[in-house]
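Quick notes on the structure that follows.
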Number of protein chains: 2
Amino acid sequence: MPRRSVTSYDIAKAAGVSQSAVSRAFSPGAPIAAKTRERILNVAAEMGYQPNAIARSMSSARQDTHQKSGMVGVIVTRLEDPFFAHTIAHFSRHLQASGWHMLLFTVDNEVEVDGALNALMQYKVDSIIILSAILSKHMARVCRDQGTPVMLYNRGAEGLNVNSVQIENHEGGRIAADILREAGHERIAFVAGDPNDETSQGRAAGLAERLAEDGLEVFLHETGDYTFVGGREAGLRLFSRVERPDAVFCASDVMALGVLHAARHDLGLEAPRDFSLIGFDDIPAAAWPGHMLTTIRQPIRRMIREAVDIVIDQMNTPDQPPRVTRFSGALILRNTVRGAGPGST
Amino acid sequence: MPRRSVTSYDIAKAAGVSQSAVSRAFSPGAPIAAKTRERILNVAAEMGYQPNAIARSMSSARQDTHQKSGMVGVIVTRLEDPFFAHTIAHFSRHLQASGWHMLLFTVDNEVEVDGALNALMQYKVDSIIILSAILSKHMARVCRDQGTPVMLYNRGAEGLNVNSVQIENHEGGRIAADILREAGHERIAFVAGDPNDETSQGRAAGLAERLAEDGLEVFLHETGDYTFVGGREAGLRLFSRVERPDAVFCASDVMALGVLHAARHDLGLEAPRDFSLIGFDDIPAAAWPGHMLTTIRQPIRRMIREAVDIVIDQMNTPDQPPRVTRFSGALILRNTVRGAGPGST
DNA sequence: TCGGAAACTGAATGCGCATTCAATATCATG
DNA sequence: CATGATATTGAATGCGCATTCAGTTTCCGA
């Protein structure tokens, strides 16, 4: 049952005008008499006509720069993570509010990114946003050659010549170290997400640097895979040692909550009584009454607005140099660091 | 700087063949000599050519049924909710694994659905999946007329003539009521998500029905807006009454966790000592050691596989009658219901 | 009232690709 | 070696729309 959908020609015929007129009726700013436009729009509404976005994009290919598909490609890892879910939700809303649509890819490891990127290029998306994943030099070049702006969110862009918006990881690590040192801790452990990724490494480096200034070293290094379960296991390992850490800094809140639950419910240890704990991100669950996790907050609303603004700006006026923005995390004092409660500042 | 991207013509010229040949080289099953194809693919690889998905979709419009864009439109509400984040993550992976791409829309209320739907139709997506939102009769008709399969996930499709995959809400409510009655509870409160939506209502109805069989009524009705904060506030209201409920059934785990944290940390009440608590969904946080929430699990992997399978099947062979599938929730016994621990079955 | 500018309008064209159709090349048989 | 069958190939075409270009109409001022 080949049901062809209504096209601009059908409307043209019905309204007694040319196809061009119909097209113009739907193009803001196109030269067409107000009355004509209105009549056409009425007919179109009656017949349920909507311009075909695909065809639109096709025909715009003749234009100056390149095709405008109206779509922004977004590549994300670990969408099940509350932090990313929030991030995507915000991206989606912002993009939509500005009239852009989101073509979403989930990837499980950084190798898949290239595949997703390829698919995105095939769809001629007008720009690409990559969350927490690495971009190969090769694909960075390809995108640049195509004139497709790329935004690396939550990752740096050293030598890649693309945009980037991220939190100051190193600085965040320092802040955590600071408050922990102020509280008098000396055996400070670090729980990495993925020890090989830039994010974790930056936070660890900030911590180590600050400790070094006091002649200290990171007491123990653990890995929690950026998950609750991983954090919980890391916590179990950490606290089963003969010499236990007296404070733990986790590269993410989810892992910190894992440590907290492990300590409290598996081992009977309480923060901040028996140890201090700091997370990173400030996800909603960090503020739950039973957690009250002290953490470094990422200003994700501002960060996302910035990322979206940059990308939109570059879609509108191409060939701009890439922009790199870093945001500072803010220490959110709750109840998991000794002597540093919400009121104590 | 109008950088036109490489087209099939460029490859044709470089490989000394016609454009048709290039097209065929990229179409599995097309009549073309193996040697020719190989040569073309090599040239293409060298020149970084990838067929333009948009143009592909355009040209396929001449075919039998309708355009194939290779995209599935997904509309979601409350993406920040862990339950939906998980759901979307699974949808995304499944769809990708089968070679489909996901055009994602986030909507904040059910009115926006129509807008998103319109945008989706403009992009000629090959099918549409709607998560937890209502589809208007009008748009259902439009989609049907266009031949675009629609899947309502987490919502029924009474009188809409579209596909639907959802959990048995009513049955889930009964199961919750059952275990609570077995535990001897009599003052059972219900915390709705949105009291007007089908999901919440179904769960409430199941609860009420089962209680009625014992001559009981739902002790108190509260609303938690499907959020942690909403659940927490509902819990506070519930437990500040002179006559407190002795059990609470929440329409979602997030709200149940809100009730749990409120009871435990704001009021010093403990489950199951002072009251019993059951949630719905079985999100990861329900299993955290500090929560161990008894709940009704949604088999979301199976549900999503089913939803995706139906949709893909209908994209491949159009004009099938809509399918409706209901899944049963499973009671997951953890530690928030009196006398019904994990080992007690 | 008339000429010219400004405002509209329609015919024609191409975006990049898949497909049809006719032509050519290749092959297996008798 | 001839001949029909089969495998490949290229030229031409259209998908639905935006835009260019060449009219055609309308509006002003003189």
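Keep in mind that this is a model prediction, so the values were computed, not measured. Numbers restart at 1 for each chain; the letters A, B, ... are given by sequence-line order, proteins then strands.
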Atom-to-atom span, CZ of A/Arg37 to P of C/dC8 - whole angstrom = 10 Å
Any stem touching DNA chain C, meaning at least three consecutive Watson-Crick or G-U pairs under 3.5 Å, ordered by first number, would be C:1-30 with D:1-30
From A/Ile130 CD1 over to A/Cys143 SG, what is the distance, rounded to the nearest 0.5 angstrom?
-> 7.0 Å
Presence of A/Arg56 side-chain N/O under 4.0 Å of D/dA18 phosphate oxygens OP1/OP2 | yes
Give the ring-plane orientation class for B/His101 versus A/Phe105, where under 30° counts as parallel, over 60° as perpendicular and anything between as tilted.
-> tilted
Side-chain atoms of B/Asn52 come closest, of D/dA18, D/dT9, C/dC17, to C/dC17
Between C/dG14 (P) and A/Met58 (CE): distance, integer Å | 13 Å
Quick one: do the B/Arg155 and B/Ser164 side chains pair a donor with an acceptor below 3.5 Å?
-> no
Over how many whole Å does the gap from A/Phe26 atom CZ to D/dT19 atom P extend?
-> 15 Å
From CD of B/Gln50 across to C1' of C/dC17 the rounded distance in Å is 15 Å
State whether B/Asp313 and B/Arg323 are salt-bridged, where the test is any N-O pair (Lys NZ or Arg NE/NH1/NH2 against Asp/Glu carboxylate O) under 4.0 Å.
-> yes
Rounded to whole angstroms, how far apart are CD1 on B/Ile54 and C1' on C/dG14?
-> 16 Å
Tell me whether the OP1 or OP2 atom of D/dG16 has a side-chain N or O from B/Tyr123 closer than 4.0 Å.
-> no
Please identify each residue that fulfils side chain to side chain contact (heavy atoms under 4.5 Å, CB included) with B/Ser92, with sequence neighbours left out.
-> A/Thr106, B/Gln96, B/Met102
Taken to the nearest whole Å, CD1/B/Ile32 to C1'/C/dA18 is 13 Å
Select base, sugar-phosphate, or nothing to describe what B/Ser23 touches, counting heavy atoms under 4.0 Å on all strands.
-> base
With the threshold set at 4.0 Å, does a side-chain nitrogen-carboxylate oxygen contact exist between A/Asp309 and A/Arg305?
-> no
Value in whole Å for how far the P atom of C/dC8 lies from CZ of A/Arg39 = 14 Å
In terms of side-chain heavy atoms, does B/Gln314 have a donor or acceptor partner in B/Thr317 at a distance below 3.5 Å?
-> no
Side-chain N or O of B/Ser59 closer than 4.0 Å to phosphate OP1/OP2 of C/dA18 = no
Upstream residue (5' side of DNA chain C) when A/Ala33 and B/Ser27 are each assigned their closest nucleotide | A/Ala33
Describe the nucleic acid contact of A/Pro51 in one word from base, sugar-phosphate, nothing, applying a heavy-atom distance below 4.0 Å.
-> sugar-phosphate
Verify whether one side chain among B/Ser132 and B/Arg78 offers a donor that lies under 3.5 Å from an acceptor in the other.
-> no
Between P of D/dC17 and CD1 of A/Ile40, the distance in whole Å | 13 Å
If you measure only the distance, is there a donor-acceptor pair under 3.5 Å linking the side chains of B/Gln122 and A/Asn52?
-> no
Residues from residues 8-21 of chain A lying under 4.0 Å of DNA chain D - heavy atoms = A/Ser8, A/Tyr9, A/Gln19, A/Ser20
Taking only the side-chain nitrogens and oxygens of A/Thr36, find out if one of them lies under 4.0 Å from OP1 or OP2 of C/dT9.
-> yes
Electrostatic pair B/Arg301:B/Glu306 at N-O distance under 4.0 angstrom | no
